[in-house]
Every structure is written in C-alpha cells, then in structure tokens.
Undergrad: 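One structure, as structure tokens, below. Some questions next.
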Protein chains: 2
Amino acid sequence: MTKPPKTTPRPGRRVRGSATGRPVMVLLDLLGRRWVLRILWELRGAPLTFRALQAACGGLSPSVLNARLAELRDSLIVEQRPDEGYTLTRQGRELLTQLAPLTAWSEKWAKSLG
Amino acid sequence: MTKPPKTTPRPGRRVRGSATGRPVMVLLDLLGRRWVLRILWELRGAPLTFRALQAACGGLSPSVLNARLAELRDSLIVEQRPDEGYTLTRQGRELLTQLAPLTAWSEKWAKSLG
DNA sequence: CGTTTTTGCTACGATTTCAGTAGCAACAAC
DNA sequence: GTTGTTGCTACTGAAATCGTAGCAAAAACG
C-alpha cells in the first residue's frame, strides 16, 4: 500500500492559507516546512544515507527527517535507491537548479547585513 | 534601542543545524520558516498593509505575521513605508527574482503528480 | 557461525512554534 | 462622538519539532 501522508501538500488540494491549491502555493507550503530547503540542499551532490543526511543537517531529529523525506518522496522530488541512499529525482534536481542562485545572493546579503 | 529579535537568523551567527553560519545556511533557515516564502510571494506586487498582507496569506495569525515581518525587516528584505505599507527592499526584490522560476517549475510538477 | 556495526527508522516526553480569537491604542472619517 | 481602519499585543489550546532511546534488519568482521 502506498501511503500518502495526509500532511503532504499536493496541487489541487487545499493547503495552508490557500483553498485553490494553485501549484505554486502548494510548492511554497511544501518548501516552507522546516528543514525541507536544507534537505534538498544537502542532497545536491551524491546520494546520502538516512544517517548521513541527518548528520549533514546538523543532527535533526530522525522523526522529522523521516517525515520530510516521506513528503518529498510522495512529491516525487526525492527518491530512495536501494544500496545508495536518498537522492533527488530528475525533477528534484531541476528544482534545486532553480534555487542555486540563492548562494550568490546570500553572499551579497551577508555583506549588506554587516 | 533597536530590537533584533533574538530569533532572527543572521550570517555568521549560529543557526539551526549549522554552527558555521554560512550565509546560504542562514538564508535557508530564514526562508524555511513557516509563511516566509508565502509572504515574500504576496509582496511581489504593490506594497500591502499589515491587514491586507494577512488576508493575502489566507488569514494567518497576526502574531506569526508580525514575527515574520520583524525577522524580514531585521534582515533588510522587507521594509515598512509610512502610509504605504510593507514592501520588499531592493535586495528583497532581487531575492524574489531568484525565486520566480518556481512558478513555472511548479506547473510542470503539478502535472507529473497527476 | 557469532559478534559487532551500521542503517533506517519508530516511540515518547519535553519544548517550541503556530493557530485562532479577542481586544486595544492611534488615527481618520463621518 | 461614534464608527471604521490599522497595526499590532495577549492569551489559550493545538500542532510541529526536539532530543533521546531503542529496535529490527542488513552488512561487516572474525
């Protein structure tokens, strides 16, 4: 049985603050959950095991990590490969590409904050 | 006295899961807080008053909205203009630009999820 | 084989964050 | 002066997250 966690936001489904379920709103809900951006970021390179990913994220609790991974798998952004670990799907990798310029921006931002 | 909310992540300061305070980590912490992405999104157009912004976000609680706005102002991403309301700073607008492709991505994503 | 590690997770109580409603001070309009 | 709007603060209960412990399965080791 595939178990879609009832908490995973999906396009067309009502999400936090948006009854319409417009894809971009759903995405913002999904990405706005704690650790999600960080998890995607840490998966930018090679696949990571559950524990490696947990460590990369500074030791977040396994319950939360597992919850986030379930949502991301359910959303076809992350997948789990046997004997390799967790990795981004092609789609997930595209998403991360969109987010890549954030590094450059954050450097400038840091300077402006002194 | 300027009151930097002790919870506002800042480059160089330790953030959730990252003792280094690398700018991009700090940014991910900031953006990963609930409602932040949505708030930036809703401010993409004209300035909005507190209540208008609250309504645009589907009626999130004023306490959370106020907390997020304080963090974003503190981070020089959002500013409050007298008689106009809240708006993105130049910097904040740049950040949003980096995020803009998310709309297109989310459309494709929605289709792939059926 | 038996033992030790590693891995992927689940359980659970403590803490933090968020939701939801109420309401207040300041200002403006009527 | 009363009604309305705005920007918020306060408060309580619900939900999300933290932090630690631990367990079953698989791998590595001897």
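Hydrogens, waters and symmetry mates play no part in the numbers below; they use all other heavy atoms, side chains included. In this text the structure is predicted, and so the values were computed from the model without any measurement. Residue numbers begin at 1 in each chain, while the letters A, B, ... track the order of the sequences.
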Undergrad: Only pairs at least two apart or in different chains count here, so list each salt bridge (charged side-chain N to carboxylate O under 4.0 Å, His left out) that has a residue in residues 103-114 of chain A.
TA: A:K108-B:E94
Undergrad: With sequence neighbours left out, what residues match B:T87 under side chain to side chain contact (heavy atoms under 4.5 Å, CB included)?
TA: B:P47, B:E79, B:R81, B:R93
Undergrad: Does the salt bridge (charged side-chain N to carboxylate O under 4.0 Å, His left out) test come out yes or no for B:D74 and B:R10, once each step is laid out?
TA: CA-CA 9 Å; B:D74 204 47; B:R10 270 171 159 285; 3.8 Å; yes
Undergrad: Tell me, which of residues 38-50 of chain A have any heavy atom that sits under 4.0 Å from an atom in DNA chain D?
TA: none
Undergrad: How would you list all residue pairs meeting salt bridge (charged side-chain N to carboxylate O under 4.0 Å, His left out) that involve residues 47-60 of chain B, not counting sequence neighbours?
TA: none
Undergrad: Report the residues that fulfil side chain to side chain contact (heavy atoms under 4.5 Å, CB included) with B:L28, sequence neighbours left out, ordered by chain and then residue number.
TA: A:L37, A:R38, A:W41
Undergrad: Output the rounded distance in Å from CG (B:L69) to C1' (D:dT9).
TA: 14 Å
Undergrad: Any chance you could list the contact pattern along nucleotides 16-27 of chain D? Use B for base contacts, S for sugar-phosphate-only contacts and - for none, protein heavy atoms under 4.0 Å, 5' to 3'.
TA: SSBBBB------
Undergrad: Under the side chain to side chain donor-acceptor pair (under 3.5 Å) test, which residues partner B:T89, sequence neighbours left out?
TA: none
Undergrad: Per the salt bridge (charged side-chain N to carboxylate O under 4.0 Å, His left out) rule, what does the pair list look like for residues 53-70 of chain B, sequence neighbours excluded?
TA: B:R68-B:E71
Undergrad: Nearest whole Å is fine: how far is C:dT17 P from B:D29 CG?
TA: 11 Å
Undergrad: Going by the rule side chain to side chain contact (heavy atoms under 4.5 Å, CB included), which residues pair with B:P62 if we only count those two or more places apart in sequence or in a different chain?
TA: B:F50, B:Q54
Undergrad: Give every residue pair that meets the salt bridge (charged side-chain N to carboxylate O under 4.0 Å, His left out) criterion with at least one member in residues 96-106 of chain A, sequence neighbours excluded.
TA: none
Undergrad: For B:A52, give me all partners under side chain to side chain contact (heavy atoms under 4.5 Å, CB included), at least two apart in sequence or on another chain.
TA: B:L48, B:T49
Undergrad: Where do N or O atoms of nucleotides 25-30 of chain C meet protein N or O atoms at under 3.5 Å, pair by pair?
TA:
none

Undergrad: Measure from CG on B:L65 to P on D:dC8 and round the result to the nearest Å.
TA: 9 Å
Undergrad: Just N and O in the side chain of A:N66: are any of them under 4.0 Å from OP1 or OP2 of C:dG8?
TA: no
